[in-house]
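Structure record follows, encoded as structure tokens.
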Amino acid sequence: MSWTLELATRWSERLLALSVFLQAIELLLARRAWVDDGVWSWPILKREHEVLPSPLRWLFSLVLPERPFLGLVLLEAAAALAFGLGVGAVAPFLLFAEVAVCVRFRGTFNGGSDTLTVLTTLSFAFAWLLGGAEHPLVGKACLGYIAVQLTLSYFIAGLAKLKEADWRSGAALRGFVRSRQYGAPPFVRRLLDGERRCQLLSWCVLLFECGFPLAWLDPRLCTALIALGLAFHLGNWLVFGLNRFVFAWAAAYPALLFGSQLVASAR
């Protein structure tokens, strides 16, 4: 399959729209946690913003209390649907909404998946401001930025794990599986109960993440690594409940496929 600039852009936009829409729905379903008497109560969280410049405090006081935040999330869901239908003009608003959500929940609501979503949305927002992702130069820069961030997300995570003895021995993975916080299914806990199995699977993860930059060498290798990445995130969803990672990373995959193909054609 040939990944043209138009095709990669369109698929990345659609998958990003789906990811943001599902995130907004999750926030709406978890509303009880961020109402004024919830665990993420705005009257409590706003005290942490006293160190910010007054213009930012004023802006956050307008959009982050319970009722306006509800409106923001509803608008974000609607804007995500519009973006998926090709309305690129909503990209700057999606970026603003994603950053506001991160600020509301003291950094990020769901860790790395929110970070990659912000970076992907940032790229499309700037692309629209510079004339649209359909412009050849702007589009290539947009997808290139996403592809590089995607590659670094795996590579840096792999290096960080590689430095940890618990990851090299498999103890870290076994700890995650046994943790009540993630609630891994009983058959997974039984399957990974042995040290050797955990160590083998840990090294599979380490080699995959550290070797992910090889995706730039050949489009076929890129496709294979993306397939592994998708399987990796689906597995994390099924075992640990980390559903957001599937959609956040899927939105960046078309950019990498296009970038790998572009590098191959230039050789």
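Here the structure is a predicted model, which is why all the values come from computation and not from measurement.
Looking only at distances, no side-chain donor or acceptor of Ser12 sits under 3.5 Å from a matching main-chain atom of Ala8. No donor-acceptor distance shorter than 3.5 angstrom exists from the side chain of Arg14 to the backbone of Ala251, with no hydrogens or angles considered. Listed for the Arg104 side chain is a donor-acceptor partner under 3.5 Å among the backbone atoms of Trp40. Formation of a donor-acceptor pair under 3.5 Å by the Thr117 side chain with backbone atoms of Ser113 is found in this model. At least one donor-acceptor pair closer than 3.5 Å links the side chain of Gln261 to the backbone N or O of Trp3. Under a 3.5 Å cut-off, the side chain of Ser41 and the backbone N or O of Gly38 do not form any donor-acceptor pair. Judged by distance alone, with hydrogens and angles left aside, the side-chain atoms of Trp42 form no donor-acceptor pair with the main-chain N or O of Val35 at under 3.5 Å.
Trp216 is connected to Leu152 through a chain of hydrophobic side-chain contacts under 4.5 Å among Ile, Leu, Val, Met, Phe, Trp and Tyr, so both are in one cluster. Residues Phe212 and Leu221 fall within the same hydrophobic cluster, defined by Ile, Leu, Val, Met, Phe, Trp and Tyr side chains chained together at heavy-atom separations under 4.5 Å. By the criterion of side-chain heavy atoms lying less than 4.5 angstrom apart, applied directly or through intervening Ile, Leu, Val, Met, Phe, Trp or Tyr residues, Phe21 is grouped together with Leu28 in one hydrophobic cluster. Tracing side-chain contacts under 4.5 Å through hydrophobic residues (I, L, V, M, F, W, Y), one reaches Leu230 starting from Val239; they form part of the same cluster. In the hydrophobic clustering of this structure, Phe232 groups with Leu116; members are Ile, Leu, Val, Met, Phe, Trp, Tyr whose side-chain heavy atoms approach within less than 4.5 Å, directly or through other members.
Expressed to the nearest 0.5 Å, how far CG of Leu94 lies from OG1 of Thr120 amounts to 12.0 Å. For the atom pair Thr121 OG1 and Leu16 CG, the distance stands at 4.5 Å (nearest 0.5 Å). We find the CG-CZ distance between Asn236 and Arg244 to be 15.5 Å, quoted to the nearest 0.5 Å. Here Gln199 contributes atom CD and Arg168 contributes atom CZ; the two are 10.5 Å apart, rounded to the nearest 0.5 Å. Between Ile146 atom CD1 and Phe258 atom CZ the span is 11.5 Å, to the nearest 0.5 Å. Once rounded to the nearest 0.5 Å, the distance linking OH of Tyr154 with CG of Leu159 reads 15.0 Å.
Note: Phe208 and His233 fail the aromatic proximity criterion, with ring centroids not under 6.0 Å apart. Aromatic rings from Trp237 and Phe247 are positioned such that their centres are separated by under 6.0 Å. In this structure, Phe124 has its ring center under 6.0 Å from that of Phe83.
Between Leu59 and Phe96 the shortest side-chain heavy-atom distance falls below 4.5 Å. Tyr145 is listed as a side-chain neighbour of Leu119, based on a closest heavy-atom distance under 4.5 Å. Looking at Trp34 and Leu70, their side chains come closer than 4.5 Å, going by heavy atoms from C-beta outward. Residues Leu62 and Pro68 have side chains not in contact (no heavy-atom distance under 4.5 Å, counting atoms from C-beta outward). Taking 4.5 Å as the limit, some side-chain heavy atom of Glu98 sits within range of a side-chain heavy atom of Val20. Looking only at side-chain heavy atoms (C-beta outward), Val101 and Gln23 stay at 4.5 Å or farther from each other. Side-chain atoms of Phe93 and Leu72, non-hydrogen and from C-beta on, do get closer than 4.5 Å to each other. For the pair Arg57/Val51, no side-chain contact is recorded, criterion being any heavy-atom separation below 4.5 Å from C-beta on.
The two atoms that bring Arg31 and Glu66 nearest to each other are NH2-OE2, 3.4 Å, heavy atoms only. When all heavy atoms of Glu195 and Arg174 are compared, the closest pair comes out as CG-NH1, 3.1 Å. Taking each heavy atom of Tyr253 and Gly229 in turn, the nearest pair found is OH-C, 3.4 Å. Contact between Ala17 and Ala80 at its shortest, heavy atoms only, is CB-O, 3.1 Å. For the pair Ser260 and Cys222, the tightest heavy-atom approach, listed with the atom from each and the gap, is OG-CB, 3.6 Å. Nearest approach of Pro213 to Thr151, heavy atoms of both residues: CA-CG2, 3.7 Å.
His49 and Phe60 have tilted rings, their planes meeting at an angle from 30° to 60° on a 0 to 90° scale.
Side-chain atoms of Thr9 and Glu13 include no donor-acceptor pair closer than 3.5 Å.
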Inset, instruction - Under the side chain to side chain contact (heavy atoms under 4.5 Å, CB included) rule, what do Arg190 and Val177 come out as? Steps first, then yes or no, please. - result: CA-CA 10 Å; Arg190 290 194 299 269; Val177 172; over 6 Å; no
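Between Glu164 and Lys161, none of the side-chain N atoms (NZ, or NE/NH1/NH2) sits under 4.0 Å from a carboxylate O, so this pair counts as no salt bridge.
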